[in-house]
Amino acid sequence: MVVVVRVGDQLDWLPPSSQRPCVRWIETCVNAHLGMSYSLRCGLNSVRSTQPDAVIIVLADQPFITAKLVNHLIDTFENSPELDYVANAYGGVIMPPVLISRRLFNAIQSLEGDQGASVLLRSPECRGVVIEADSSLYFMDADTRKDFETIVTQWTLNTDR
């Protein structure tokens with residue numbers, strides 16, 4: 001796993017390194033302030049030398065993403081390796097995490113500004129599968145303070161059961 005961060009990120013939102021053995025490296029993206037496409041390229045460039053068959057793009061501020069959700073993407077791709085992507089959706093709207101095949105790596109390199117991978121997934125040239133999730137909870141992210149407060153409330157409700 002590669003964690004792409006902005007310059008100056010103190011990483012205080014990450015657990016201590018002893019509690020995150022799956023993180024291989026932290027990649028600082030000097031151009032992250034210019035938009036999502038720069039962070040995507042930065043992360044992809046950091047793993048390209050390992051020649052992966054695919055990458056999974058996940059947002060760090062989505063605390064309800066589960067291993068089961070991610071593994072479903074991987075299993076779907078392994079069963080249909082001809083796919084360019086396997087994506088999650090809720091209410092028909094594609095949302096991360098998204099698995100991107102190596103066939104789309106060059107296209108990711110051509111994204112500009114705040115374009116995310118969803119621009120590619122809407123292309124008629126891309127072959128993919130969209131997996132509809134049964135809950136919007138998975139895709140909650142903390143873009144604002146209000147979002148964060150809602151997540152804290154939901155987290156409490158889900159852990160008190």
Side-chain angles (χ1 to χ4, degrees), residues 1-9 11 13-14 20-144 147-148 151:
M1 178 186 315
V2 176
V3 179
V4 178
V5 298
R6 293 175 182 264
V7 171
D9 191 324
L11 305 178
W13 55 275
L14 278 172
R20 49 182 160 98
C22 61
V23 174
R24 299 259 166 103
W25 58 88
I26 296 174
E27 192 67 38
T28 301
C29 180
V30 297
N31 294 322
H33 64 285
L34 298 174
M36 177 67 75
S37 65
Y38 292 90
S39 296
L40 289 171
R41 284 196 298 253
C42 185
L44 183 58
N45 288 338
S46 70
V47 299
R48 269 193 119 151
S49 64
T50 66
Q51 299 180 332
D53 293 329
V55 297
I56 298 177
I57 300 167
V58 184
L59 303 180
D61 63 350
Q62 290 180 299
F64 297 108
I65 297 296
T66 63
K68 181 179 178 183
L69 197 72
V70 172
N71 287 336
H72 193 164
L73 297 173
I74 295 167
D75 293 343
T76 302
F77 181 70
E78 287 178 342
N79 289 324
S80 301
E82 73 282 358
L83 295 174
D84 294 319
Y85 69 89
V86 183
N88 284 293
Y90 184 74
V93 178
I94 293 175
M95 301 177 196
V98 176
L99 181 145
I100 303 289
S101 161
R102 83 167 69 194
R103 287 181 295 282
L104 292 182
F105 289 179
N106 288 336
I108 287 175
Q109 295 292 344
S110 68
L111 293 174
E112 293 292 333
D114 213 24
Q115 288 182 315
S118 63
V119 170
L120 303 175
L121 309 186
R122 289 191 292 265
S123 167
E125 291 86 40
C126 288
R127 295 167 297 169
V129 169
V130 177
I131 300 168
E132 187 72 22
D134 59 0
S135 173
S136 64
L137 185 67
Y138 295 120
F139 309 108
M140 290 180 75
D141 62 355
D143 290 335
T144 66
D147 293 341
F148 179 75
I151 286 171

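Bear in mind that the values here come from a model prediction, so they are computed numbers and not experimental data. All values below were derived from every heavy atom in this structure, side-chain atoms included, with hydrogens, water molecules and symmetry-related copies excluded.
- A donor-acceptor contact shorter than 3.5 Å is absent between the side chain of R127 and the backbone of L83.
- Taken to the nearest 0.5 Å, the CD1 atom of I26 stands 11.5 Å off from the OG atom of S46.
- The line from CD1 of I108 to CD1 of I57 is 4.5 Å long, rounded to the nearest 0.5 Å.
- The shortest side-chain heavy-atom distance between M36 and L59 falls under the 4.5 Å cut-off.
- Using a distance-only test at 3.5 Å, with no hydrogens or angles considered, no donor-acceptor pair links the side chain of T28 to the main chain of V7.
- Side chains of C126 and L104 form a contact here, defined as non-hydrogen atoms less than 4.5 Å apart.
- Scanning for side chain to side chain contact (heavy atoms under 4.5 Å, CB included) contacts around L34 gives N31, Y38, with sequence neighbours left out.
- For L73, the side chain to side chain contact (heavy atoms under 4.5 Å, CB included) test picks out I56, V86, N88, P97, L99, I131, with sequence neighbours left out.
- Going from atom CZ of R102 over to atom CZ of R48 covers 10.0 Å, rounded to the nearest 0.5 Å.
- Separation of atoms CG (D53) and CD1 (I74) is listed at 11.5 Å; rounding is to 0.5 Å.
- Applying side chain to side chain contact (heavy atoms under 4.5 Å, CB included) to S39 and the options V5, L44, V4 leaves one that passes, V4.
- Counting only residues at least two apart or on different chains, the side chain to side chain donor-acceptor pair (under 3.5 Å) pairs with a member in residues 74-87 are D84-R103.
- Looking at L121 and I100, their side chains come closer than 4.5 Å, going by heavy atoms from C-beta outward.
- E27 and C42 make their closest contact through CG-SG, 3.3 Å (heavy atoms, listed as atom of the first residue, atom of the second, distance).
- Separation of atoms CG (L40) and CZ (F105) is listed at 11.5 Å; rounding is to 0.5 Å.
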